[in-house]
Trainee: 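My questions all concern the structure below.
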Amino acid sequence: MLALAHLHLQRPRMPPIDSHRLSILSKSEIHALYGIPVFNDADREHYFDMSPAEMASAQARTQGLGVFQALELGYFKSKRQFFNFQTIDVQADLHHIAHRHFWGIDTKDLRLPVAKTRARIQQTILELCAYRAFDASASAELANRMLRMAAISTHPVYLLREALQHLESNRVVAPKYSTLQDLIGAVLERESLRVTRIMDEHIPADVKKTLDDLLQGEDGDMLTFSAIKREPKSFSVKELSHEVQRRQFFAPAHEFALTFVPLAGVSSESIKYYASLVQFYT
C-alpha cells in the first residue's frame, strides 16, 4: 500500500538552484514512497505468501525465475512499485522465498533475469494484481484529475497526495517522482495562468497601481513587501500611524480581493498557500 499518511501539508520548499522542478518532498519522504522495501521476518511471512494462482504462475517458470517473480511480487504488494536491485542486496528475502517455496535452490548462485525477461515477469505481476502500467491514457486521466484538484488547493503536497490516491484507487502503478513533479508543476502553471487571466480582466486601475507601487518600492520605504511583512516594533504613536497608513493603502486592494476570490474560484486552502509564498519573495 502506498505510504500516503506521512505526506503532511507543510510550507513549500524552494527547488535547488540547478533544478527546474518543484521541490515537493524531502529525500526521506521520497525514499519512503520509492525506496526498495526492507522486510523483517514478519513482513516476509506476509508479503511473500502467495495465492494458488500466484504460486502456479511462479512455478510455471524455471526455479530461478520463479524465485525472482515471487520476490518482485512481494515487493509490489508492499509498495505497488517495481525496483532496481542487485542480488547481494536482497539475499535475506531470496533465501526466505527459496526455503519456503522452492526447496533445493541455492540463492547465492542466482543471477538477475535479463531486461526482457524482467519486463515479462513484471507484466505477469500486474495481471495477477489487477494493476496496469502508467501509460499515456493513465497520464491523461491523472492530469484531468489534478486540474480539478487544483481548484481546491494549489499546495503541491496536497496535489501529490491526491495524485497517489487516484493512482492507487484506479490500480495504476505510480510513475517516477520526477514525472509527478513535472505533472504537478504543469497543473500549477495552468491554474496560475487561469487566475492571472481573470485578474487581468477584472482588476481596477487603482488597485493595479497600488500593487505596482508596492512592487516598485525602494528599500527603506514604508510600503514594500519586506516592510509590510514586519510586525510593528511597538505601540508608539509613530508605529500605529504607520499601521493606519498601511490600512488605507491596502483598502482598495482588500475590497477587490473580497470580490475577486469568489469570482476566480480560489479556495481557502489555496489562499493559505498563496499567502505562505510571501515568505519566499522580497
Trainee: Run the side chain to side chain donor-acceptor pair (under 3.5 Å) test against Ser268 and tell me which residues pass, sequence neighbours left out.
Mentor: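 Here no residue qualifies.
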Trainee: Step by step, work out the side-chain hydrogen bond (donor to acceptor under 3.5 Å, both in side chains) result for Thr259 and Glu255.
Mentor: CA-CA 7 Å; Thr259 59; Glu255 292 299 320; over 6 Å; no
Trainee: What residue pairs, at least two apart or across chains, pass ring-ring contact (aromatic ring centres under 6.0 Å, His included) with a residue in residues 107-131?
Mentor: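 Sorted result for residues 107-131: Phe76-Tyr131.
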Trainee: If you compare all heavy atoms of Ala150 against all heavy atoms of Ser270, which two are closest, and at what distance to 0.1 Å?
Mentor: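 Shortest heavy-atom contact: O-OG, 4.1 Å.
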Trainee: Starting at CZ of Phe235, measure out to CG of Leu240 and round the result to the nearest 0.5 Å.
Mentor: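 Nearest 0.5 Å value for the CZ-CG distance: 7.5 Å.
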Trainee: Which residue pairs satisfy the salt bridge (charged side-chain N to carboxylate O under 4.0 Å, His left out) criterion with at least one member in residues 51-62, sequence neighbours excluded?
Mentor: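 Passing the test, one end in residues 51-62: Glu54-Lys77.
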Trainee: Would you mind reporting whether Val261 and Ile271 have side-chain heavy atoms less than 4.5 Å apart?
Mentor: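 In short, these two side chains touch, coming nearer than 4.5 Å.
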Trainee: Verify, without hydrogens or angle tests, whether Glu29 (side chain) and Ser26 (backbone) share a donor-acceptor contact under 3.5 angstrom.
Mentor: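 Answer holds: yes.
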Trainee: Which pair of non-hydrogen atoms, one from Ala133 and one from Val172, has the smallest distance, and what is that distance?
Mentor: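 Result for this residue pair: O-CG1, 4.0 Å.
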Trainee: How long is the span from the CG atom in Leu164 to the NE2 atom in His166, to the nearest 0.5 Å?
Mentor: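 NE2 of His166 is found 11.0 Å from CG of Leu164.
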Trainee: Identify, with sequence neighbours excluded, every residue that meets side-chain contact (heavy atoms from CB on, under 4.5 Å) alongside Ser139.
Mentor: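 side-chain contact (heavy atoms from CB on, under 4.5 Å) list for Ser139, sorted by chain: Phe134.
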Trainee: Between Ala151 and Ser267, what is the shortest heavy-atom contact and its length?
Mentor: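 Taking every non-hydrogen atom into account, O-CB, 3.7 Å.
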Trainee: Could you grab the distance from atom CD of Glu189 to atom CG of Leu22, nearest 0.5 Å is fine?
Mentor: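 Answer rounded to 0.5 Å: 10.5 Å.
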Trainee: Could you check whether any side-chain heavy atom of Phe68 comes within less than 4.5 Å of a side-chain heavy atom of Thr87, counting everything from C-beta outward?
Mentor: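 When only atoms from C-beta onward are counted, Thr87 and Phe68 do touch, with a gap below 4.5 Å.
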Trainee: Are any side-chain N or O atoms of Arg118 and backbone N or O atoms of Pro113, one a donor and one an acceptor, separated by less than 3.5 Å?
Mentor: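 Absent.
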Trainee: Give a yes or no on whether the backbone of Ile152 and the side-chain of Glu269 come within a donor-acceptor separation of less than 3.5 Å.
Mentor: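 Judged by distance alone, no pair lies under 3.5 Å.
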Trainee: Keeping the roles fixed (side chain from His202, backbone from Ile198), state whether a donor-acceptor pair exists under 3.5 Å.
Mentor: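 Answer holds: yes.
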Trainee: Does anything in residues 101-111 pair up under side chain to side chain donor-acceptor pair (under 3.5 Å), and if so which pairs, sequence neighbours excluded?
Mentor: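 Sorted pair list: Gln91-Thr107.
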Trainee: Passes salt bridge (charged side-chain N to carboxylate O under 4.0 Å, His left out), Glu201 versus Arg197? Steps please.
Mentor: CA-CA 6 Å; Glu201 292 173 356; Arg197 176 182 53 79; 3.5 Å; yes
Trainee: Arg246 and side chain to side chain donor-acceptor pair (under 3.5 Å): which partner among His242, Gln248, Glu243?
Mentor: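 Exactly one option meets the side chain to side chain donor-acceptor pair (under 3.5 Å) with Arg246, and it is Glu243.
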Trainee: Suppose we screen for side chain to side chain donor-acceptor pair (under 3.5 Å). Which residues come up paired with Arg120, at least two apart in sequence or across chains?
Mentor: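 Listed in chain order: Thr117.
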Trainee: Just to verify, what does Gln123 make a side chain to side chain donor-acceptor pair (under 3.5 Å) with, not counting sequence neighbours?
Mentor: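 Gln123: side chain to side chain donor-acceptor pair (under 3.5 Å) contacts with Glu127.
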Trainee: Considering only heavy atoms from C-beta outward, does the side chain of Leu180 approach that of Ile24 to under 4.5 Å?
Mentor: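 Sidechains of Ile24 and Leu180: no contact.
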Trainee: Roughly how far, to the nearest 0.5 Å, is NE2 of His254 from OG1 of Thr210?
Mentor: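 Spacing of OG1 (Thr210) from NE2 (His254) equals 14.0 Å.
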Trainee: For Val237, does its backbone N or O pair with a side-chain atom of Ser241 as donor and acceptor, under 3.5 Å?
Mentor: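 Checking the backbone N and O of Val237 against the side chain of Ser241, no donor-acceptor pair under 3.5 Å is found.
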Trainee: Do other residues, nucleotides or ligands put more than 12 heavy atoms under 6.0 Å from Asn40 CG?
Mentor: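 Correct, the count exceeds 12.
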Trainee: So which heavy atom on Pro262 is nearest to which on Ala257, and how close?
Mentor: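 The answer is CD-O, 4.3 Å.
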Trainee: Between CD1 of Ile36 and CG of Asp89, what distance do you get to the nearest 0.5 Å?
Mentor: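 It is 7.0 Å, given to the nearest 0.5 Å.
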Trainee: Taking side chain as C-beta onward, heavy atoms only, is Pro156 less than 4.5 Å from Tyr273?
Mentor: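 A side-chain contact under 4.5 Å exists here.
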Trainee: Sub-3.5 Å donor-acceptor pair from the side chain of Tyr177 to the main-chain atoms of Leu25, do we have one?
Mentor: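 Yes: the side chain of Tyr177 pairs with the backbone of Leu25.
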Trainee: Ignoring hydrogens and angles, tell me if any N or O in the side chain of Arg171 forms a donor-acceptor pair with the backbone of Cys129 under 3.5 Å.
Mentor: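 Yes; at least one donor-acceptor contact below 3.5 Å.
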Trainee: Does either side chain, that of Gln69 or that of Thr124, offer a donor lying less than 3.5 Å from an acceptor on the other one?
Mentor: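 The criterion, which ignores hydrogens and geometry beyond distance, is not satisfied for Thr124 and Gln69.
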Trainee: Can you confirm whether Glu191 sits close enough to Val195 that some side-chain heavy atom of one is under 4.5 Å from a side-chain heavy atom of the other?
Mentor: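 They are in contact (side-chain heavy atoms under 4.5 Å apart), so the answer is yes.
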Trainee: What's the separation between atom CD in Gln181 and atom CG in Leu183, rounded to the nearest 0.5 Å?
Mentor: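 Separation between the atoms: 11.0 Å.
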Trainee: Using a 3.5 Å distance criterion without hydrogens, assess whether the side chain of Lys79 forms a donor-acceptor pair with backbone atoms of Ala32.
Mentor: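 Yes, because the side chain of Lys79 sits within donor-acceptor range (under 3.5 Å) of the backbone of Ala32.
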Trainee: Do the non-hydrogen side-chain atoms of Ser28 and His31 ever get within less than 4.5 Å of each other?
Mentor: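 Heavy-atom side-chain distance check fails, nothing below 4.5 Å.
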Trainee: Please identify each residue that fulfils side-chain contact (heavy atoms from CB on, under 4.5 Å) with Pro204, with sequence neighbours left out.
Mentor: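 Scan of Pro204 (side-chain contact (heavy atoms from CB on, under 4.5 Å), adjacent residues dropped) gives Asp206, Val207, Phe256.
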Trainee: Using side-chain heavy atoms (C-beta onward) and a distance below 4.5 Å, is Ile125 in contact with Phe82?
Mentor: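 The answer is yes; the side chains approach within 4.5 Å.
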Trainee: For residues Gly35 and Phe83, report the shortest heavy-atom separation together with the two atoms involved.
Mentor: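 In this case the closest contact between Gly35 and Phe83 is O-CE2, 3.5 Å.
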Trainee: Partners of Gln63 by side chain to side chain donor-acceptor pair (under 3.5 Å), sequence neighbours excluded?
Mentor: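 Checked Gln63 against side chain to side chain donor-acceptor pair (under 3.5 Å); zero matches.
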Trainee: Any chain of hydrophobic side-chain contacts (each under 4.5 Å) joining Leu128 to Phe102?
Mentor: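 No, Leu128 and Phe102 fall in different hydrophobic clusters.
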Trainee: List in chain and number order the residues that pass salt bridge (charged side-chain N to carboxylate O under 4.0 Å, His left out) with Arg44, two or more places apart in sequence or in another chain; answer none if no residue qualifies.
Mentor: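 Once residues adjacent in sequence are excluded, the partners of Arg44 under the salt bridge (charged side-chain N to carboxylate O under 4.0 Å, His left out) criterion are Asp41, Asp93.
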Trainee: Side chain of Gln81, backbone of Ala174: donor and acceptor closer than 3.5 Å?
Mentor: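 Such a contact is found between Gln81 side chain and Ala174 backbone.
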Trainee: Taking Arg100 for the side chain and Glu45 for the main chain, is one N or O donor matched with an acceptor at less than 3.5 Å?
Mentor: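 Yes, Arg100 side chain to Glu45 backbone: donor-acceptor pair under 3.5 Å.
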Trainee: Within the supplied structure, the quantity of interest is the number of heavy atoms (other residues, nucleotides, ligands) at a distance under 6.0 Å from Leu258 CG; does it exceed 12?
Mentor: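 It does: Leu258 CG has more than 12 such atoms within range.
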Trainee: Dump the intermediate steps for side chain to side chain contact (heavy atoms under 4.5 Å, CB included) on Tyr47 and Leu73, then the final yes or no.
Mentor: CA-CA 8 Å; Tyr47 289 112; Leu73 176 61; over 6 Å; no
Trainee: Please report the closest heavy-atom contact between Phe39 and Gly74, naming both atoms and the distance.
Mentor: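 Shortest heavy-atom contact: CZ-O, 4.1 Å.
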Trainee: If you look only at pairs with a residue in residues 136-160, which of them pass as a salt bridge (charged side-chain N to carboxylate O under 4.0 Å, His left out), with sequence neighbours excluded?
Mentor: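 Listed once each, the pairs are Arg132-Glu141, Arg145-Glu162.
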Trainee: Measure up the Phe48 and Tyr75 rings against each other and bin them: parallel (under 30°), tilted (30 to 60°), perpendicular (over 60°).
Mentor: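 Tilted.
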Trainee: Who are the salt bridge (charged side-chain N to carboxylate O under 4.0 Å, His left out) partners of Lys208, not counting sequence neighbours?
Mentor: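 Salt bridge (charged side-chain N to carboxylate O under 4.0 Å, His left out) list for Lys208, sorted by chain: empty.
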